[in-house]
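The block underneath contains the structure these notes are about, expressed in structure tokens.
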Amino acid sequence: MKRYTDGFFGMEPRMKVETAVTQTASAPPSVETISEQRCFGGIQGFYRHDSKACAGAMTFAVYTPPQAEHGKVPVLFYLAGLTCTAETFPIKAGAQRVAAELGLMLVAPDTSPRDTGIPGATDDWEFGEGASFYVDATQPPWASRFQMETYVVEELPELIEKRFPADFTRCGMMGHSMGGHGALTLALRHPGRYRSLSALSPLVAPTRVPWGQRRIFIMYLGEDRAEWKRHDACELLRAGARFDGTILIDQGENDPYLKEQLQPELFEQACHETGQPVKLRMHPGYDHSYWFVQSFIEDHLRHHAAALFA
């Protein structure tokens, strides 16, 4: 039986740039335009820049809605899952139509640094390139390149704010699977930075499941279990972290990772114990793929718009 990944099926290929890369006249010198296409009255673009945090080139995608022609618009960050690239969400989720209606800018970074040259970085689909888990690695050799929390929370937003008409007083965060873990933990670790938060099929308790114990913690963060808890959404809540608003989570009941890796009921329990508002919706028949993401992405965009335009 072919295993699922966070793309459709099989490994998600990294972005292939086959067109000439051109410098955008209005952009800072470090930003290159890979491609830009008109989409639902806005622009879907793919870009590359040299990242200080990740010590190398990083790609990212931005959908700029038509309302941005008249001023700054709220910005929503989407963190993708294992094996995905900066192309996965823009191509597969079908989010641009609703984003254009609502006036939301969508930003999708790559899931890790690429072409790192680190031995073993491309040997395992659950770890290394394409599988950063959105943490700042502390263990060698990963610490030299895998500084994804700093990249997502600090460096990329600063670049977006300079390059695009984004209103960072109205900023939201969402993600899928590994990216759901990233969205939840980064929003809880950086209170006040994000006004809206949601996740699809998120990894919520990595200290308790194989993806966290085998991948995030030992390899990226070492043996310090106190540090592990600082990157676990359930443990962050129990330690006093809160999000100012209701967190929306959607989960397919036919997800092959549900029982072993995801266990959203643990997050719901932690929220109830700590008074964190959460809305967990379980969906019979749905799996972990982007067919699931497509089915509920509109609900998530409207959830974010309700908070960002309030």
Side-chain angles (χ1 to χ4, degrees), residues 3-6 53-55 79-84 109-114 116 118-154 173 175-191 199 201-241 243 249 251 255-271 273-274 288:
R3 61 168 169 78
Y4 287 84
T5 68
D6 294 347
C54 295
L79 305 183
L82 288 166
T83 78
C84 295
D110 202 350
T111 49
S112 80
R114 304 285 176 169
T116 62
I118 297 174
T122 59
D123 293 348
D124 187 342
W125 70 277
E126 295 178 308
F127 185 77
E129 295 185 21
S132 72
F133 288 92
Y134 301 101
V135 300
D136 282 353
T138 61
Q139 302 302 299
W142 313 103
S144 64
R145 298 292 303 275
F146 284 69
Q147 298 294 306
M148 286 296 290
E149 178 171 0
T150 297
Y151 179 72
V152 169
V153 174
E154 297 180 11
M173 175 70 84
H176 172 232
S177 192
M178 174 186 75
H181 151 78
L184 294 175
T185 57
L186 295 183
L188 290 171
R189 284 170 57 81
H190 299 275
S201 311
L203 172 64
V204 300
T207 58
R208 304 191 194 186
V209 302
W211 269 343
Q213 294 168 350
R214 291 199 308 257
R215 306 300 182 185
I216 309 175
F217 300 127
I218 297 297
M219 301 297 286
Y220 287 140
L221 301 177
E223 301 283 354
D224 184 354
R225 291 182 177 268
E227 182 65 18
W228 294 12
K229 291 182 179 181
R230 288 191 281 269
H231 298 274
D232 180 307
C234 293
E235 296 297 335
L236 283 166
L237 286 174
R238 293 192 173 97
F243 180 76
I249 295 179
Q251 174 65 60
D255 190 321
Y257 302 126
L258 177 58
K259 293 183 179 180
E260 182 182 25
Q261 305 281 17
L262 303 180
Q263 303 180 32
E265 68 277 3
L266 297 178
F267 188 72
E268 184 178 43
Q269 179 183 354
C271 287
E273 290 174 0
T274 59
H288 196 74

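Each residue takes its place number in the sequence, starting with 1.
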With a 3.5 Å distance limit and no angle check, can you tell me whether [X] reaches the backbone of [Y] through a side-chain donor-acceptor pair?
X	Y	answer
D136	M148	yes
T111	C84	yes
Q251	L258	no
W228	G222	yes
S177	G179	no
Q213	T207	yes

Point-to-point distance, once rounded to the nearest 0.5 Å, from CH2 of W142 to OG of S132: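 W142 atom CH2 to S132 atom OG measures 11.5 Å (nearest 0.5 Å).
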Atom pair CG/CG of L186 and L79 - distance to nearest 0.5 Å: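 Separation between the atoms: 6.5 Å.
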Within-4.5 Å side-chain heavy-atom neighbours: K229 and R238: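 K229 does not reach R238 side chain to side chain.
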Flag side-chain contact, heavy atom, 4.5 Å: E129 against P113: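 Not touching, per the 4.5 Å side-chain cut-off.
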Mutual orientation of the aromatic rings belonging to W211 and Y257 [parallel < 30°, tilted 30-60°, perpendicular > 60°]: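 The arrangement is tilted - the two ring planes meet at 30° to 60°.
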Pair H181 + H231: ring centers closer than 6.0 Å: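 Not under 6.0 Å, so no.
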